[in-house]
Amino acid sequence: MPLRHMIADALIYLKEYNELSAKNKREKSYSSSGEFLSGLTKTDRLHPVIGLCIYYGEEKRDGPTNLVHMIQVTDDLKPMVSDYKMNLLQIRSIEHFHFQNIDVQNWLQESTPQ
């Protein structure tokens, strides 16, 4: 699941990058050759992507929540491997969560295994 989230987030960032790059090319808003080659200006910024995995299985989820736990890597190489952490919300412990949106709160209470 961390790998799926990482890929989805990367595709969202790529889509936004492509849109910014196309806009910059159309408007010819580059001020240097570096900006032209990258497609982005120095002031361009991407919006943050915050993925959330909502798990509402009957059993507690015991799968990995980060990429390093999914790969075989020696301890000496771990600091050099880019890790990707997944945000996980386990609905089975819903009594600890309170949402302002009453529809969301009701749906989660109805979806919670008894």
Side-chain angles (χ1 to χ4, degrees):
M1 194 55 74
L3 181 60
R4 288 180 180 183
H5 279 262
M6 182 180 71
I7 291 169
D9 290 354
L11 290 173
I12 293 168
Y13 282 124
L14 180 62
K15 180 180 183 285
E16 188 173 11
Y17 162 79
N18 287 336
E19 290 169 353
L20 276 171
S21 180
K23 175 183 163 272
N24 289 336
K25 186 176 183 180
R26 188 173 51 253
E27 296 176 359
K28 296 181 172 59
S29 55
Y30 306 117
S31 62
S32 70
S33 59
E35 288 183 355
F36 175 78
L37 291 174
S38 72
L40 300 176
T41 67
K42 289 182 181 182
T43 58
D44 285 335
R45 296 293 180 266
L46 302 175
H47 293 93
V49 175
I50 302 172
L52 177 63
C53 178
I54 300 175
Y55 176 74
Y56 52 94
E58 292 183 19
E59 302 295 323
K60 181 178 180 185
R61 186 181 186 283
D62 62 354
T65 57
N66 63 350
L67 191 60
V68 167
H69 290 147
M70 294 180 64
I71 60 178
Q72 188 174 8
V73 62
T74 58
D75 286 340
D76 57 325
L77 292 179
K78 274 186 185 177
M80 293 181 271
V81 174
S82 295
D83 196 5
Y84 187 83
K85 296 180 175 143
M86 177 183 80
N87 297 309
L88 175 66
L89 174 62
Q90 293 200 58
I91 301 302
R92 56 190 304 273
S93 57
I94 192 64
E95 64 272 1
H96 303 292
F97 300 100
H98 299 284
F99 295 89
Q100 289 182 341
N101 185 313
I102 193 69
D103 293 331
V104 171
Q105 186 71 36
N106 289 338
W107 174 79
L108 291 173
Q109 287 173 342
E110 292 169 5
S111 300
T112 306
Q114 300 300 324

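Just so we're clear, the structure is a prediction, and the values are computed from it rather than from any experiment.
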Mind checking whether Met80 and Val68 sit in one hydrophobic cluster, side chains of I, L, V, M, F, W, Y counted as touching below 4.5 Å? yes

Could you tell me if the side chain of Pro2 sits less than 4.5 Å from the side chain of Lys85, heavy atoms only?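 No - every pair of side-chain heavy atoms lies 4.5 Å or more apart.
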
List the steps, then state whether side chain to side chain contact (heavy atoms under 4.5 Å, CB included) holds for Asn87 with Thr65. CA-CA 7 Å; Asn87 297 309; Thr65 57; over 6 Å; no

Is it the case that more than 12 heavy atoms not belonging to Tyr17 sit under 6.0 Å from its OH atom? yes

So do the side chains of Arg4 and Met86 get within less than 4.5 Å of each other, counting heavy atoms only?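 Sidechains of Met86 and Arg4: no contact.
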
Going by an N to O cut-off under 4.0 Å, is there a salt bridge joining Glu19 and Lys15?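 Looking at Lys15 together with Glu19, the answer is yes, because their closest N to O distance falls below 4.0 Å.
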
Atom pair CG/CG of Asn66 and Leu3 - distance to nearest 0.5 Å: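 Rounded to the nearest 0.5 Å, the CG-CG separation comes out at 12.0 Å.
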
Looking only at heavy atoms, which two atoms of Met6 and Leu67 are closest? And how far apart? SD-CD2, 3.9 Å

Met70 to Pro64 - nearest heavy-atom pair and separation: CG-CG, 3.5 Å

Looking at every non-hydrogen atom in both residues, tell me the closest pair between Asp44 and Thr41 and how far apart they are.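 Residues Asp44 and Thr41, closest heavy atoms: OD2-N, 2.8 Å.
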
Using 0.5 Å steps for rounding, measure from the CZ atom of Arg26 to the NZ atom of Lys28.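 The distance works out to 11.0 Å.
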
Can you find a heavy atom in the side chain of Tyr55 that is under 4.5 Å from one in the side chain of Met1? no

Identify the two heavy atoms, one from Ser29 and one from Glu35, that lie closest to each other, and give their separation to 0.1 Å. O-OE1, 4.0 Å

Side chains of Ser21 and Asn24: is there a donor and an acceptor less than 3.5 Å apart? no

Test item: Glu16 side-chain N/O and His47 main-chain N/O as donor-acceptor pair under 3.5 Å: yes

What's the spacing between Ile7 CD1 and Ile12 CD1 if we round to 0.5 Å?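 The CD1 atom of Ile7 sits 12.0 Å away from the CD1 atom of Ile12.
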
Do Ile54 and Leu88 make a side-chain contact, defined as non-hydrogen atoms from C-beta onward lying under 4.5 Å apart? no

Can you confirm whether more than 12 heavy atoms, excluding those of Leu52, are under 6.0 Å from its CG atom? yes

Looking at every heavy atom in both Val73 and Lys78, which two are closest together, and how far apart are they?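 The pair with the smallest heavy-atom distance is CG1-CG, 3.6 Å.
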
Would the distance check show the side chain of Tyr13 and the main-chain N or O of Val49 forming a donor-acceptor pair, the cut-off being under 3.5 Å?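 Indeed, once roles are kept as given, a pair shorter than 3.5 Å links the two residues.
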
